[in-house]
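First comes the structure, then the notes that go with it.
Just so it is clear, the values below take in all heavy atoms, side chains as well, and ignore hydrogens, waters and symmetry mates.
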Amino acid sequence: DGALIVEDGRILEVGKREQLLSKNPGAEIEEFPHCALLPGLVNAHTHLDLLYFNDATPDFFDWLLKSWEYRQGLNIATRRQALEQGLRQLVSSGTTTVGDAGQYAGLLSQAATSPIRMALFPELLTGGEPTIPESYQTVLGQVEEISSLRSDKITAGLGPYAPYTLSRHLLKILAQQARETKIALQIHVAE
C-alpha cells in the first residue's frame, strides 16, 4: 500500500498511500498493481558505438585491435543507429542513467533527445605519436560541445582509454584537465 509523490520527474515523498493522498487531495493518481517500483538502473560503462561489433576472437588483444579497427571504419549513420538501438535496449532493461565512452561527432543532437541521463566520455586512444595532438584536440572539442548543451540530462567527461595506450605525461594532463574543469574521468584501469 505504498505510494510516491512525483513532480517534474523527481520523487518528492514516499509513504503510505492514505497518508500521501490526505496531504495531496488533488493529486493525479497512477496505479501500478502487482508491481514493485525500483530505482532506475545505472550502467556506468558502455561503448554504444560497438553495439554491432561482433567478434568472438578468444584472444583479448586480437579482439581489442579488431574493435579499434572496427571503430575507425564506422560512419556517422552507423554510429547514430548504434546509439539509437543501444539507448532503446537500455531503456527497455530499466536503465535510467548511462556512462558511455566513445566518439560523439555528429551525434550530440541525438544524444540530447535521449530519454535517459547520459554521462558522455569522449574516448582518447592514440595510434601513434603524430596523431596525439589531433586526437587530444578532438576529445577536448567534444567535451566542450557536450558541456555547451547545458542539459540537465547530459554531462561531459574525459575518457582516456587505458594506461597502456597513452603516455604517463598525457594521462597527467588529462587528470589535470578533469580537475580544472570539474568533470569526471573514466578509464580502463586494469584491462
Steps toward side chain to side chain donor-acceptor pair (under 3.5 Å) verdict (Gln85, Gln81):
CA-CA 6 Å; Gln85 178 65 25; Gln81 187 177 359; over 6 Å; no
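- Considering every non-hydrogen atom in both Gln186 and Ala101, the closest pair reads OE1-CB, 3.5 Å.
- Closest of all the heavy-atom pairs between Leu158 and Phe121 is O-CD2, 3.4 Å.
- Atom CD of Glu18 has 12 or fewer neighbouring heavy atoms from other residues, nucleotides or ligands inside a 6.0 Å radius.
- If you take CD on Glu84 and CG on Leu51, they are separated by 11.0 Å, rounding to the nearest 0.5 Å.
- For the atom pair CZ of Arg88 and CG of Leu83, the computed distance is 10.0 Å after rounding to the nearest 0.5 Å.
- Taken to the nearest 0.5 Å, the CG atom of Leu4 stands 5.5 Å off from the CG atom of Leu37.
- The ring-ring contact (aromatic ring centres under 6.0 Å, His included) check on Tyr52 picks up nothing, with sequence neighbours excluded.
- Remark: Lys16 engages no residue in a side chain to side chain donor-acceptor pair (under 3.5 Å) (not counting sequence neighbours).
- Among residues at least two apart or in separate chains, salt bridge (charged side-chain N to carboxylate O under 4.0 Å, His left out) pairs with a member in residues 58-75 are Asp49-Arg71, Asp55-Lys66, Arg71-Glu123.
- Less than 6.0 angstrom separates the ring centroid of Trp63 from the ring centroid of Phe53.
- Using a 4.5 Å heavy-atom threshold, the side chains of Lys172 and Arg168 count as touching.
- With Gln103 contributing its side chain and Thr138 its backbone, the two residues share no donor-acceptor pair below 3.5 Å.
- When hydrophobic clusters are built by joining Ile, Leu, Val, Met, Phe, Trp and Tyr residues whose side-chain heavy atoms come closer than 4.5 Å, directly or via intermediates, Leu50 is grouped together with Phe61.
- Within a 6.0 Å radius of CG in Asn54, other residues, nucleotides and ligands contribute 12 heavy atoms or fewer.
- The minimum heavy-atom distance linking Pro160 with Leu166 is given by the pair CB-CD1, 3.3 Å.
- Pairing each heavy atom of Val143 with each of Pro122, the nearest pair is CG2-CG, 3.9 Å.
- Under the 4.5 Å side-chain heavy-atom criterion for ILVMFWY residues, a single connected hydrophobic cluster contains both Trp68 and Phe60.
- One hydrophobic cluster, built from ILVMFWY side chains closer than 4.5 Å, cannot hold both Leu20 and Ile11; they sit in different ones.
- In this structure, Leu41 shares a hydrophobic cluster with no other residue, the cluster being traced through Ile, Leu, Val, Met, Phe, Trp and Tyr side chains under 4.5 angstrom apart.
- Crowding of Glu13 atom CD: a count of heavy atoms from other residues, nucleotides or ligands under 6.0 Å exceeding 12.
- In this structure, the side chain of Ser67 engages the main chain of Leu64 through a donor-acceptor pair within 3.5 Å.
- To the nearest 0.5 Å, atom CG of residue Leu125 and atom CD of residue Gln72 are 8.0 Å apart.
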Show every donor-acceptor pair shorter than 3.5 Å between a side-chain atom in residues 107-119 and any protein atom, with sequence neighbours excluded, or say none if there are none.
unit_1	atom_1	unit_2	atom_2	d
Gln110	NE2	Arg80	O	3.0
Thr113	OG1	Gln110	O	2.9
Ser114	OG	Ile116	N	3.1
Ser114	OG	Ile116	O	3.1

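- Taking the six-membered ring for Trp and thresholds of 30 and 60 degrees, Tyr161 and His188 have ring planes inclined between 30 and 60 degrees apart.
- Inter-residue side-chain proximity for Pro163 and Ile187 is flagged as met; some heavy-atom pair is nearer than 4.5 Å.
- Taken together through direct or relayed side-chain contacts under 4.5 Å among Ile, Leu, Val, Met, Phe, Trp and Tyr, Leu38 and Val91 form parts of separate hydrophobic clusters.
- Looking at heavy atoms from C-beta onward, Ile173 lies in side-chain contact with His169 at the 4.5 angstrom threshold.
- Here the closest heavy-atom approach between residue Ile146 and residue Tyr104 is recorded as CD1-CD1, 4.2 Å.
- Taking the ring-ring contact (aromatic ring centres under 6.0 Å, His included) definition, one finds that Tyr136 meets it with nothing, sequence neighbours left out.
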Arg179 and Gln176: CA distance, side-chain angles, deciding distance, side chain to side chain contact (heavy atoms under 4.5 Å, CB included) verdict
CA-CA 5 Å; Arg179 273 192 297 275; Gln176 183 63 31; 3.0 Å; yes
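- In terms of heavy-atom proximity, Leu74 sits nearest to Thr78 at CD2-CG2, 3.5 Å.
- Contact annotation: the side chain of Ile29 approaches that of Arg17 to within less than 4.5 Å [non-hydrogen atoms, C-beta and beyond].
- Of the inter-residue distances, the one linking Thr165 atom OG1 with Leu170 atom CG reads 9.0 Å to the nearest 0.5 angstrom.
- Between the OG1 atom of Thr97 and the CG atom of Leu90 there is a distance of 10.5 Å, given to the nearest 0.5 Å.
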